[in-house]
Protein chains: 2
Amino acid sequence: MDDGSESGDAGAADSAPVAPAFEAKLHADGVTFGADDAALLRAIDDAGSLNAAADDLGRSYSRAHKRLSQLEAAFGSLLASQRGGTGGGGSTLTERARALLARFERLRSGLTGVAEVAETVLPGEVVDRTGEIATVETGAGRLRALAPPDAMSVFVTIRADTVTLQDADGAPPAAETSARNRFRGTVRTVERGESVATVTVDVGADPPLVALVTARSSDLLGLEPGMAVVASFKTTATRATPRA
Amino acid sequence: MDDGSESGDAGAADSAPVAPAFEAKLHADGVTFGADDAALLRAIDDAGSLNAAADDLGRSYSRAHKRLSQLEAAFGSLLASQRGGTGGGGSTLTERARALLARFERLRSGLTGVAEVAETVLPGEVVDRTGEIATVETGAGRLRALAPPDAMSVFVTIRADTVTLQDADGAPPAAETSARNRFRGTVRTVERGESVATVTVDVGADPPLVALVTARSSDLLGLEPGMAVVASFKTTATRATPRA
DNA sequence: CGGTGTTGTGTCGGTACCGACATAACGTTT
DNA sequence: AAACGTTATGTCGGTACCGACACAACACCG
């Protein structure tokens, strides 16, 4: 489209590595607390003054101050400032600011999990629906998932960290646990890291089910290719998104 | 997720309700595909032409076209355009564009889960660590979670949709499942919706453990206040974030 | 009592982005 | 052959944001 002059890397348009990402936000009273704001608060905590913090971040003091006024209007008092005094004064974070930072960090951490963890996505058709929960017919059989109200042809996404594995023998009856989706399968691969192992399980579907377990669990269960296991995951943790 | 209505800070009437949010992105080759871009592609799919799509969105054609050039440079061919012809031409989405949209929607859906689902956060101290996995001492006992490498004093976040409940009787031995964190407790409250139930379980910790199960599971297990249950969750699904 | 470095507040330019507009190329339909 | 509505491309002005700068108020210290 735009480059009539063919340059070297433009030809390899087919293999574009696309990576998921996100930006966490905390919304209150019309203003949103974002990553920049978190960085600003942390810089103030480190430097002890708004001035030095803005300097460290390469931002202007006036903008930083103006931004903090907006934030405090929405989130409440964030920093205890003192002008004059030894060293001319300074600013320290309030407890509320620390709580806000902690909450932001928790959100960011949780979102990071979703963005980075492996997942298996299965195409399927909704065959039944009660409220937000749909029963979906997939290559591996029927499973239940949270689904938007109008979708019929869907993708079901199963995050690897929500799949728990059990030995096929000694598996408890299905009625006694709240994990409603259960599939018998055989372990295909085990990729064991230092503390975490990624396991793929053949459950009859086109892409195998991928599960993320601790290395400890992998050892305790004796996971190895060919082993018969039961993979289970909660329906409230698996989501369907519209296809087509 | 718990909002500002925390325990004892009664005097702080100016606490605005703070809501988590996010912005999903797909990153490739330096440019990021965001919500606006997804809306643009969907509008093109609906309208059949870039011109009409930009008009529908209230955006200018030139900007939309320029943006699409950037996107195609990074993500590959996104739309099959034809100028001249019936109605003057038009543009339709390529298969790659549809896949990109689907992937974006899956990401958005997964992130929505994290942002909206209730969670319980427990303060604790890291007492052991092997790789990315830390053992944390909390008010409810020891549990394992993914943790950043340097944190000692942490918050442990347990998403409600990752907690599975079982009848305290008939619970299988711990060694036979890959859900390493298990806590005995008693059901405190059950809030049953049409298809989903939110259950709080007293496990000895200050904030009770909150679990999100299907209404079906709630009925099958016969969940009601006072009932003894076992709550279990995978360590690969629970995350620790630095405190202090 | 002046020195110091900060907070608090306002104003002034520069820049980057965006919408509006103009124009060429194009191919089917009339 | 003319008409039509689109794609494709470039230019121009306006606006919103941001950094730079100026200046008053302040409180502790030497």
Side-chain angles (χ1 to χ4, degrees), chain A residues 1-7 10 13 23 25 30-37 39-41 43-94 97, chain B residues 23 25 30-37 39-41 43-74 76-94 97:
Chain A
M1 291 186 72
D2 73 317
D3 55 327
S5 63
E6 281 261 15
S7 183
E23 187 174 337
K25 296 175 180 179
V31 324
T32 66
F33 180 91
D36 298 351
D37 302 317
L40 181 56
L41 287 189
I44 293 173
D45 196 26
D46 288 347
S49 88
L50 213 174
N51 225 318
D55 213 40
D56 288 349
L57 292 178
R59 303 172 56 177
S60 73
Y61 170 82
S62 61
R63 277 290 141 186
H65 183 272
K66 210 160 277 182
R67 179 58 178 164
L68 274 171
S69 297
Q70 294 176 6
L71 291 178
E72 287 196 319
F75 291 90
S77 173
L78 294 182
L79 40 86
S81 299
Q82 181 184 10
R83 61 177 167 182
T86 310
S91 298
T92 58
L93 300 190
T94 65
Chain B
E23 189 174 334
K25 297 174 177 179
V31 323
T32 67
F33 180 92
D36 297 351
D37 302 317
L40 180 56
L41 287 189
I44 293 172
D45 195 27
D46 287 348
S49 88
L50 213 174
N51 225 319
D55 212 39
D56 288 349
L57 292 178
R59 303 173 55 177
S60 74
Y61 171 82
S62 60
R63 277 289 142 185
H65 183 270
K66 208 160 281 183
R67 178 58 179 166
L68 274 171
S69 297
Q70 295 176 6
L71 290 178
E72 287 196 319
S77 172
L78 294 181
L79 39 86
S81 298
Q82 181 184 8
R83 59 178 170 183
T86 309
S91 298
T92 58
L93 300 189
T94 64

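It should be emphasised that the depicted structure is a prediction, and the values quoted were computed from it without experimental measurement. Residue numbering restarts at 1 for every chain, and letters A, B, ... go by the order of the sequence lines.
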S.K.: Within the side chain of A:T94, is there an N or O that forms a donor-acceptor pair under 3.5 Å with the backbone of A:S77?
M.R.: yes
S.K.: Tabulated below should be each protein N or O lying under 3.5 Å from an N or O of nucleotides 24-27 of chain D; please produce it.
M.R.:
| residue | atom | partner | partner atom | Å |
| --- | --- | --- | --- | --- |
| D:dC26 | O2 | A:G84 | N | 3.0 |
| D:dA27 | O4' | A:R83 | O | 3.4 |
| D:dA27 | N3 | A:G85 | N | 3.1 |

S.K.: Are the side chains of B:L71 and B:L41 in contact, using a 4.5 Å heavy-atom criterion?
M.R.: no
S.K.: Can you tell me the distance, in whole Å, between the CG atom of A:L50 and the P atom of C:dG5?
M.R.: 17 Å
S.K.: What's touching nucleotides 15-20 of chain C from the protein side, N or O pairs under 3.5 Å?
M.R.:
| residue | atom | partner | partner atom | Å |
| --- | --- | --- | --- | --- |
| C:dG19 | OP2 | B:S60 | OG | 3.3 |
| C:dA20 | N6 | B:S62 | OG | 3.3 |

S.K.: State whether the distance check finds a donor on one side and an acceptor on the other, under 3.5 Å, for side chain B:Y61 versus base D:dA8.
M.R.: yes
S.K.: Using a cut-off of strictly less than 4.0 Å, decide whether B:N51 has a side-chain nitrogen or oxygen near OP1 or OP2 of D:dT7.
M.R.: yes
S.K.: Does anything in residues 64-73 of chain A reach DNA chain D, meaning a heavy atom under 4.0 Å, and if so which residues?
M.R.: none
S.K.: Rounded to the nearest 0.5 Å, what separates atom CG in A:L68 from atom CZ in A:F75?
M.R.: 11.5 Å
S.K.: Closest heavy-atom contact between B:A64 and B:A54?
M.R.: CB-CB, 4.2 Å
S.K.: If I take atom CG in residue B:D56 and atom C1' in nucleotide D:dT6, what distance separates them, rounded to the nearest angstrom?
M.R.: 15 Å
S.K.: How many whole angstroms separate atom CG of B:L79 from atom C1' of D:dA8?
M.R.: 12 Å
S.K.: State whether the side chain of B:S91 and the backbone N or O of B:L79 hold a donor-acceptor pair below 3.5 Å, judged by distance alone.
M.R.: no
S.K.: Nearest 0.5 Å, please: how far is CD in B:Q70 from CG in B:D37?
M.R.: 9.0 Å
S.K.: Distance from B:R67 atom CZ to B:F33 atom CZ, nearest 0.5 Å?
M.R.: 9.0 Å
S.K.: Using a 4.5 Å cut-off on heavy atoms from C-beta on, say whether the side chain of A:R59 contacts that of A:L40.
M.R.: yes
S.K.: Counting just side-chain N and O atoms, does A:S91 come under 4.0 Å of either OP1 or OP2 of C:dT7?
M.R.: yes
S.K.: How long is the gap from CG on B:D56 to CG on B:N51, to the nearest 0.5 Å?
M.R.: 10.0 Å
S.K.: Return the minimal non-hydrogen interatomic distance between A:S49 and A:G90, and the atom names on each side.
M.R.: CB-CA, 4.3 Å
S.K.: Report the distance from atom CG of A:D36 to atom CD of A:E23, rounding to the nearest 0.5 Å.
M.R.: 7.5 Å
